[in-house]
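Report on the following structure.
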Amino acid sequence: MNFVKRLSLALVFCAAGSANAALVDAPVASNAYITVNNLDWAWAFPLPAADGLDLSFQSQFGWRLPTAAELLNAPKATDFMFTGANVPLGGTDPLTGAYFAAANANLTGSAACATAYFSNSFSHCDWQDGNGQPFGPWAGLPGAHGFADQLVVRSVPEADTYAMLLAGLGLLGVIARRRKPARD
């Protein structure tokens, strides 16, 4: 099948599959993204960001578009496969309805797709458009097609940040306990 026919079929499939899409107003589930090189990476949209990616809700949790430098170290599509990922092989995420379209033999297990958290139009990721796949690389990288899939990132807090947060919460707890009036 030639490229134009494949692209036409993919667009028809996307249009048919997007009818039930709805933006999930919740933090991205931990099984819908991966952590690589001190960044959380979410496969967020089956097209470049300018075609409708919605960061309005998720930006409060630190999600943003990756910089050009970050994209140079972006994970491959196969890095999104792991046991317990939100999209089971050949199925859909029971929480969001996310699924993988345009799969090939490289998709061999559950994989993470977060599109439902970033789009009102789509609830799928196009496996063949991921980095390392036939129509990769990711949107924003040199050589990316006009239909390249989009990643988003956020910084992973350092362990020291978590320790300071826990210490601060503990201190607040001690202060609150000391301020409670004694009961008779």
Side-chain angles (χ1 to χ4, degrees), residues 10-11 14 17-18 20-88 92-103 106-107 109-158 161-162:
L11 291 174
C14 289
S18 65
N20 296 327
L23 187 68
V24 176
D25 283 339
V28 177
S30 61
N31 65 344
Y33 64 88
I34 61 174
T35 303
V36 176
N37 297 327
N38 291 325
L39 288 172
D40 289 336
W41 294 84
W43 194 330
F45 201 62
L47 294 166
D51 291 326
L53 178 81
D54 185 349
L55 281 167
S56 61
F57 182 79
Q58 294 301 331
S59 63
Q60 70 181 312
F61 302 109
W63 292 105
R64 60 178 173 75
L65 293 175
T67 65
E70 290 166 339
L71 275 173
L72 292 176
N73 295 309
K76 293 186 180 223
T78 52
D79 293 331
F80 285 86
M81 285 190 303
F82 59 91
T83 302
N86 68 317
V87 180
T92 61
D93 178 357
L95 178 65
T96 67
Y99 63 97
F100 279 94
N106 293 324
L107 181 58
S110 298
C113 172
T115 299
Y117 296 94
F118 298 94
S119 175
N120 276 318
S121 305
F122 299 100
S123 54
H124 74 282
C125 297
D126 289 325
W127 182 259
Q128 71 181 9
D129 298 342
N131 207 24
Q133 299 303 310
F135 295 112
W138 303 115
L141 282 171
H145 293 283
F147 53 85
D149 282 30
Q150 182 69 55
L151 295 177
V152 294
V153 296
R154 69 178 177 186
S155 297
V156 176
E158 299 289 331
T161 303
Y162 285 123

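Heads up: numbering here begins at 1 and tracks the sequence.
Remark: the backbone N or O of D149 is not paired with any side-chain donor or acceptor of D129 at under 3.5 angstrom. Q58 places no side-chain N or O within 3.5 Å of a backbone atom of D25 that could act as its donor or acceptor partner. For the pair D40 (side chain) and V156 (backbone), a donor-acceptor distance under 3.5 Å is absent. Not a single donor-acceptor pair under 3.5 Å links the side chain of Q150 to the backbone N or O of F45. Distance alone, capped at 3.5 Å, places no donor-acceptor pair between the N86 side chain and the D93 backbone. Without hydrogens or angle criteria, Q60 side chain to F57 main chain gives a donor-acceptor distance under 3.5 Å.
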What donor-acceptor contacts under 3.5 angstrom involve side-chain atoms of residues 69-82, with partners at least two apart or in another chain?
unit_1, atom_1, unit_2, atom_2, d
E70, OE1, R64, NH1, 2.9
E70, OE1, T67, N, 2.8
E70, OE1, T67, OG1, 3.4
E70, OE2, R64, NH2, 2.7
D79, OD2, K76, N, 2.8

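Across all their heavy atoms, A85 and A111 have their closest contact at CB-C, 3.3 Å.
Taking the six-membered ring where tryptophan is involved, the planes of H145 and F147 are essentially parallel, since the angle between them stays under 30° and well short of 60°.
Among residues two or more places apart in sequence or in another chain, the ring-ring contact (aromatic ring centres under 6.0 Å, His included) test is passed with W41 by none.
Residues V152 and Y33 are not in side-chain contact: their nearest non-hydrogen atoms beyond the backbone lie 4.5 Å or more apart.
Taking the six-membered ring wherever Trp is involved, the centroid distance between the rings of Y117 and W63 does not fall below 6.0 Å.
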